[in-house]
Amino acid sequence: MASPGTWADEEDLDVEEALALVKENPGRPHGHPGPPHGDPGHPHGRPGPSHGDPGHAAARATTGGRQGASNGPVEPREPSDSPKSRHHATPWPEARSAAERAARSAARAARRTPVSVPLDAALGLTLAAPLTALTDLPSFDTSAMDGWAVAGPGPWTVRDEGVLAGHAEAAPLTDGEAARIATGARIPPDTTAVLRTEHGRTDDRDRLHPTREVVHGQDIRPRGQECRSGDQLLPVGTLATPPVLGLAAAAGYDTLTTVPRPRVDVLVLGDELLTGGLPHDGLIRDALGPMLPHWLRALGAEVRTVRRIGDDAEALEHAVTTCDADLIVTTGGTAAGPVDHVHPILRRIGADLLVDGVKVRPGHPMLLARLKDDQHLVGLPGNPLAAVSGLLTLAEPLLRTLAARPAPERYTLPLSDAVHGHPYDTRLVPVVLREDGAAPLHYNGPAMLRGIAAADALAVVPPGGARSGQEAELLDLPWATAGIGVCFT
């Protein structure tokens with residue numbers, strides 16, 4: 001299951017293999033008597049400045065330069081922009097691969113049981129059992145058009161009683177007889193064809209005549225035309241899209257057996273954050289608390305709680321060590337400032353730091369840690385666009401793999417303008433998609449959301465930058481559907 005940015009020779013996990021990590025559930029969806037489920041598918045923006053300076057400065061300002069004294073011990077750590085830190089940071093493609101590997105390991109350790117969910121709650125989940133037809137579709141011969149059901153050659157005498165959808169089976173027709181019929185209605189026995197309304201006329205004796213040739217069986221949907229009871233309609237690993245839910249309903253399902261959503265708790269850090277009103281006296285509005293839950297849900301997670309902890313090391317440690325979510329997401333506190341508590345706490349509790357800094361701008365001081373065999377923590381930078389970068393770099397591949405979702409197809413488009421690059425790191429730049437390519441947007445600094453709020457995607461700009469017309473890999477946003485037909489589920 002390759003994700004955008006993973007190396008071609010990286011170990012992949014396809015959907016079938018991911019689902020094999022989930023406990024097999026031999027039962028059928030609750031309330032269905034059908035066969036058991038078994039095993040088996042804007043205007044162009046100016047290129048932003050190099051993020052070497054503003055990226056690092058903003059990261060320090062947001063995560064390490066908060067008001068208030070530290071509430072706990074802070075161990076010395078290499079500054080996030082030092083040469084040593086840059087050397088040890090993980091390249092962006094490798095960081096995404098590391099998140100996928102972490103999720104595979106967690107899934108093997110957790111062995112989560114599939115869940116049965118109502119159709120109206122199943123959108124975006126992955127099928128953990130094949131969708132097998134519980135009945136023939138259609139389950140009886142039906143009319144494909146409004147018109148007349150006719151028997152034998154015309155002209156026909158038309159019955160007084162018509163045939164409507166949802167009513168009991170009508171009496172059989174005799175040769176030379178017709179009955180008015182509605183689309184979806186059950187075909188009377190001995191019907192030879194359905195004559196469409198626009199293809200028939202009546203004479204002055206109220207006899208029905210065809211205006212074109214009538215072919216035996218025309219405009220009749222025969223029983224079982226789409227499937228027979230017991231046929232596999234969709235395989236394990238299929239994503240529950242709106243048409244999938246419609247098919248399941250037509251096939252008689254009230255619930256679907258799916259891979260459970262990964263459970264996520266969000267911890268918002270920072271004494272400087274306000275939850276309402278205008279910024280004042282050095283305090284700023286919390287942009288991540290309102291944004292992250294919805295973004296995580298779009299990535300397939302079940303967000304259980306959003307807690308605001310401030311810069312309290314003791315409270316943060318307690319929250320992390322008592323949490324039973326599959327993934328903890330923290331905001332801010334990942335650099336080396338006086339109130340950046342995430343690294344010291346992870347060291348104290350013996351967490352395994354899998355990714356400690358990523359060679360990407362914005363978002364360099366993000367991290368991924370294993371707390372338990374089946375539990376991880378993604379530490380996002382405190383700057384909003386840097387946090388988005390962390391979401392798509394570490395949280396997205398981890399959550400996708402845990403949820404057994406298929407990876408989005410990788411694609412590239414030419415950039416309409418040149419984009420300055422960082423000398424060492426990948427850059428993620430908001431873009432809008434046009435028929436002729438991707439246009440970089442203004443306002444793409446680490447602390448800015450104006451660009452991403454108007455964007456369709458993020459362009460992956462390699463170290464050194466990209467020239468106008470150069471093909472760039474794009475990461476679609478979960479809710480964005482571009483005019484060129486590219487979408488991300």
Run Asp324 and Arg304 through salt bridge (Lys or Arg N to Asp or Glu O under 4.0 Å) and show every step you take. CA-CA 11 Å; Asp324 63 354; Arg304 306 187 312 172; 2.6 Å; yes
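- No donor-acceptor distance shorter than 3.5 angstrom exists from the side chain of Arg370 to the backbone of Gln375, with no hydrogens or angles considered.
- A distance of 5.0 Å separates CG in Leu234 from CG in Leu131, rounded to the nearest 0.5 Å.
- The NE2 atom of His364 sits 9.0 Å away from the CE atom of Met366 when rounded to the nearest 0.5 Å.
- Closest approach of Ile284 to Pro279, counting heavy atoms only: CA-CB, 4.2 Å.
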Kindly indicate, with the supporting measurements, whether the criterion side-chain contact (heavy atoms from CB on, under 4.5 Å) is fulfilled by Asp456 and Asp476. CA-CA 6 Å; Asp456 298 313; Asp476 283 318; 5.6 Å; no
Run Leu458 and Leu392 through side-chain contact (heavy atoms from CB on, under 4.5 Å) and show every step you take. CA-CA 10 Å; Leu458 287 170; Leu392 297 181; 3.3 Å; yes
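- Using a 4.5 Å heavy-atom threshold, the side chains of Arg405 and Leu239 count as touching.
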Check the pair Leu119, Thr255 against side-chain contact (heavy atoms from CB on, under 4.5 Å), reporting the backbone distance first and the verdict last. CA-CA 5 Å; Leu119 294 185; Thr255 63; over 6 Å; no
Verify side-chain contact (heavy atoms from CB on, under 4.5 Å) between Val360 and Leu428, making sure each step is shown before the conclusion. CA-CA 7 Å; Val360 66; Leu428 302 182; 3.8 Å; yes
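- Looking at Glu100, its side chain never comes within 3.5 Å of a backbone N or O of Ser97 through a donor-acceptor pair.
- For the pair Ser389 and Pro362, the tightest heavy-atom approach, listed with the atom from each and the gap, is OG-O, 2.8 Å.
- Distance check, rounded to the nearest 0.5 Å: CD of Gln470 to CG of Asp417 gives 13.0 Å.
- Looking only at side-chain heavy atoms (C-beta outward), Thr126 and Thr238 stay at 4.5 Å or farther from each other.
- The closest side-chain donor-acceptor pair between Thr257 and Ser116, if any, does not fall under 3.5 angstrom.
- When atom types are taken as modelled, the side chain of Thr401 and the backbone of Arg104 share no donor-acceptor pair closer than 3.5 angstrom.
- Residues Leu233 and Thr132 fail the side-chain proximity criterion, which asks for heavy atoms closer than 4.5 Å.
- Without hydrogens or angle criteria, Tyr253 side chain to Leu245 main chain gives no donor-acceptor distance under 3.5 Å.
- Among all heavy-atom pairs drawn from Val358 and Ala95, the shortest one is CG2-CB, 3.7 Å.
- Side-chain contact check for Thr330 versus Val266: every heavy-atom pair is 4.5 Å or farther apart.
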Check the pair Lys359, Glu94 against salt bridge (Lys or Arg N to Asp or Glu O under 4.0 Å), reporting the backbone distance first and the verdict last. CA-CA 10 Å; Lys359 294 181 179 179; Glu94 295 177 17; over 6 Å; no
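- Here the CZ atom belonging to Arg101 is positioned 10.0 Å from the CG atom belonging to Leu368, to the nearest 0.5 angstrom.
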Asp265 and Arg307: CA distance, side-chain angles, deciding distance, salt bridge (Lys or Arg N to Asp or Glu O under 4.0 Å) verdict: CA-CA 8 Å; Asp265 286 354; Arg307 295 181 55 190; over 6 Å; no
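- Side chain of Thr331 to backbone of Leu269: a donor-acceptor contact under 3.5 angstrom is found.
- Using a 3.5 Å distance cut-off with no hydrogens or angles, the side chains of Asp356 and His343 do pair a donor with an acceptor.
- Nearest heavy atoms, Leu433 versus Ala457: CD2-CB, 4.4 Å.
- The backbone N or O of Pro365 sits less than 3.5 Å from a side-chain atom of Thr334, completing a donor-acceptor pair.
- Judged by distance alone, with hydrogens and angles left aside, the side-chain atoms of Asp286 form a donor-acceptor pair with the main-chain N or O of Leu288 at under 3.5 Å.
- Heavy-atom neighbours of Arg285 CZ from other residues, nucleotides or ligands within 6.0 Å: above the threshold of 12.
- Side-chain atoms of Thr393 never come within 3.5 Å of backbone atoms of Arg96 as a donor-acceptor pair (strictly under, hydrogens ignored).
- Of all the heavy atoms in Pro414 and Asp436, the pair that sits closest is CG-O, 3.6 Å.
- Closest non-hydrogen pair, Leu316 versus Ile309, comes out as N-CG2, 3.8 Å.
- A donor-acceptor pair under 3.5 Å links the side-chain atoms of Ser468 to the main chain of Ser416, judged by distance alone.
- The distance from atom CG of Leu327 to atom CD of Glu302, rounded to the nearest 0.5 Å, is 12.5 Å.
- Here the side chains of Met448 and His442 are not in contact, with every heavy-atom distance at 4.5 Å or above.
- In this structure a side-chain-to-backbone donor-acceptor pair under 3.5 Å is present from Asp312 to Ala315.
- Separating the CG atom in Leu399 from the CZ atom in Arg297 is a distance of 12.5 Å, to the nearest 0.5 Å.
- Counting heavy atoms from C-beta on, the side chains of Val264 and Asp326 never come closer than 4.5 Å.
- Counting only heavy atoms from C-beta outward, the side chains of Leu391 and Leu380 approach each other to under 4.5 Å.
- At least one side-chain heavy atom of Leu477 sits under 4.5 Å from a side-chain heavy atom of Ile452.
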